[in-house]
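To keep things clear, I will list the structure first and then write my remarks on it.
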Amino acid sequence: MRFAISIPQTVHGGKYDTGALQAHLARVEELGFDSAWTQEQVLGSAPRLSAIETMTYAAACTQRLRLGCAVFVTPLHNPVQLAKSLSSLDQLSGGRIEVGVGTGGRHRSFATFGVDPEGLVTRFTEGLRLMKELWTEPRVSFSGRFYQADGATMEPKPLQKPHPPIWFGAAHPDALRRAVRLGDGFFGAGSSTTAQFADQVKVVRGALSDMGRDSTGFPIAKRVYIAVDDDAARAEARLSDALGQLYSHAGRNDLVSTAVWGPPADCVRGLREVAEAGAELIHLNPLFDDAEQMERLAAEVMPELSTTPATGQA
């Protein structure tokens with residue numbers, strides 16, 4: 001079992017504490033986390049830093065930690081500019097970048113970004129294909145519905161070959177099969193329940209078998225919103241409030257049921273269920289008291305899970 005942790009992105013009191021972030025990231029590496037992840041939120045009432053700039057700062061503060069975003073809503077980006085930014089960041093980080101991608105769903109404010117939601121999946125797949133070609137080919141000629149290129153070149157290429165690992169965030173069966181066809185791994189959303197995640201994993205593993213892909217080369221991860229607190233009711237209330245702010249754009253008010261909270265034993269139980277559902281990497285995502293939560297997770301929760309086999313794993 002591998003563990004990841006979130007990178008704090010929330011701005012408190014109108015000013016982000018970069019010193020606290022530096023100390024936090026140093027401690028993440030000391031505690032042995034596999035990776036640290038951001039989320040992308042461009043619009044929304046929660047005061048959160050953007051993903052790629054936060055990853056860039058984190059890359060400068062760390063030595064071995066892998067850094068990712070789960071996920072970039074790529075149809076809202078120009079794929080050429082995103083490919084350039086991520087290639088540059090992979091170089092700056094020494095090849096430590098993980099790239100999560102997703103369509104984002106139709107509730108997004110596409111008009112604000114100047115994007116027509118018609119043909120969303122085509123835009124998504126075209127953009128991803130163009131990014132991969134720019135990362136791997138010396139010269140790219142591309143003729144798509146949304147994007148065209150005539151002998152385009154992009155240098156430098158990413159340090160990782162052929163490119164940084166591409167994780168898909170997805171829920172619909174068609175999108176899950178697309179993840180197997182086009183991606184390098186599946187990342188279950190924090191807004192999905194463990195039962196929903198288990199069903200998604202079954203679709204992914206079925207697609208891996210159908211397409212003849214080796215499941216050991218296609219990792220499966222799950223974001224888990226979590227709060228370790230000896231007072232379970234307090235943890236639930238704080239999580240509910242934080243999730244309401246984070247997902248205000250989606251009109252969701254039922255997300256606390258997707259989280260894990262309470263005393264350490266309750267958190268161990270909840271996370272063990274996630275592992276048994278198929279998660280090989282569990283992304284622990286506190287939503288408040290980041291440093292305190294990380295210490296309690298590392299001392300009181302993770303040791304109880306590290307040696308526990310996940311029966312749902314391939």
Side-chain angles (χ1 to χ4, degrees), residues 37-42 51 68-77 79 82-83 86 98-110 113 115-133 144-147 163-215 217-225 246-247 249-252 254-255 258 274 277-283 285 312 314:
W37 294 75
T38 59
Q39 282 178 292
E40 181 174 67
Q41 178 193 281
V42 179
C69 173
V71 298
F72 290 108
V73 181
T74 54
L76 303 182
H77 292 266
L82 184 59
L86 292 171
E98 310 266 340
V99 180
V101 299
T103 63
R106 293 187 175 273
H107 68 272
R108 301 280 170 174
S109 181
F110 287 97
F113 293 86
V115 173
D116 186 343
E118 282 300 311
L120 176 63
V121 172
T122 301
R123 184 186 292 273
F124 170 78
T125 55
E126 269 190 23
L128 182 58
R129 181 181 145 213
L130 179 55
M131 288 173 64
K132 288 181 178 180
E133 291 192 16
R145 174 180 169 187
F146 296 101
Y147 307 108
H163 49 67
I166 297 174
W167 297 78
F168 268 59
H172 190 279
D174 290 345
L176 293 166
R177 286 186 283 268
R178 190 180 308 120
V180 174
R181 189 171 71 251
L182 302 176
D184 302 310
F186 164 57
F187 215 117
S191 56
S192 63
T193 66
T194 301
Q196 290 169 332
F197 173 68
D199 290 339
Q200 293 160 5
V201 171
K202 291 175 185 175
V203 175
V204 168
R205 290 197 171 134
L208 287 166
S209 177
D210 292 344
M211 297 180 200
R213 289 197 63 173
D214 182 358
S215 61
F218 191 91
I220 294 174
K222 172 76 168 74
R223 179 192 301 275
V224 180
Y225 295 116
L246 186 60
Y247 286 91
H249 64 282
R252 295 285 300 275
D254 58 343
L255 284 164
T258 69
V274 174
E280 298 153 347
L281 172 71
I282 295 181
H283 172 195
N285 195 153

Validation row: [X], [Y] side chains within 4.5 angstrom (heavy atoms):
X	Y	answer
Asn285	Gln39	yes
Arg223	Val71	no
Ile166	Lys132	yes
Phe110	Leu120	yes
Trp167	Leu281	yes
Gln200	Ile220	no

Distance from [X] atom [atom1] to [Y] atom [atom2], nearest 0.5 Å?
X	Y	atom1	atom2	answer
Ser215	Glu280	OG	CD	7.5 Å
Asp210	Arg205	CG	CZ	14.5 Å
Leu208	Phe186	CG	CZ	11.0 Å
Thr103	Leu128	OG1	CG	12.0 Å
Leu82	Met131	CG	CE	4.0 Å
Tyr247	Gln41	OH	CD	10.0 Å

Show the nearest heavy-atom pair for residues [X] and [Y], with the distance to one decimal.
X	Y	answer
Gly104	Val73	CA-CG1, 3.7 Å
Thr193	Lys222	O-CE, 4.3 Å
Gly190	Thr258	O-OG1, 3.1 Å
Phe197	Ser192	CB-OG, 4.4 Å
Pro79	Gly127	CB-O, 3.6 Å
Val99	Pro164	CG2-CB, 3.9 Å

*With ring centroids as reference points, do Phe124 and Phe168 lie under 6.0 angstrom apart?*
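Ring-ring flag for Phe124/Phe168: true, centres closer than 6.0 Å.
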_Does the structure place the NZ or CZ of Arg123 under 6.0 Å from the centre of the six-membered ring of Phe146, at an angle of no more than 45° from the ring's axis?_
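Output yes; distance and angle both within limits.
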*Distance only, no hydrogens: is a donor on one side chain within 3.5 Å (strictly under) of an acceptor on the other, for Glu40 and His77?*
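Yes, because at least one side-chain N or O of Glu40 sits under 3.5 Å from a partner of the opposite role on His77.
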*Take Val180 and Phe218 through the test side-chain contact (heavy atoms from CB on, under 4.5 Å) and record every step on the way to the result.*
CA-CA 8 Å; Val180 174; Phe218 191 91; 4.1 Å; yes
*Are the side chain of Glu98 and the backbone of Cys69 linked by a donor-acceptor contact shorter than 3.5 Å?*
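The answer is no, because no donor-acceptor pair under 3.5 Å joins these two groups.
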*Angle class for the Phe187/His283 ring planes (parallel below 30°, perpendicular above 60°, tilted otherwise)?*
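Perpendicular.
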*Verify side-chain contact (heavy atoms from CB on, under 4.5 Å) between Arg108 and Val115, making sure each step is shown before the conclusion.*
CA-CA 10 Å; Arg108 301 280 170 174; Val115 173; over 6 Å; no
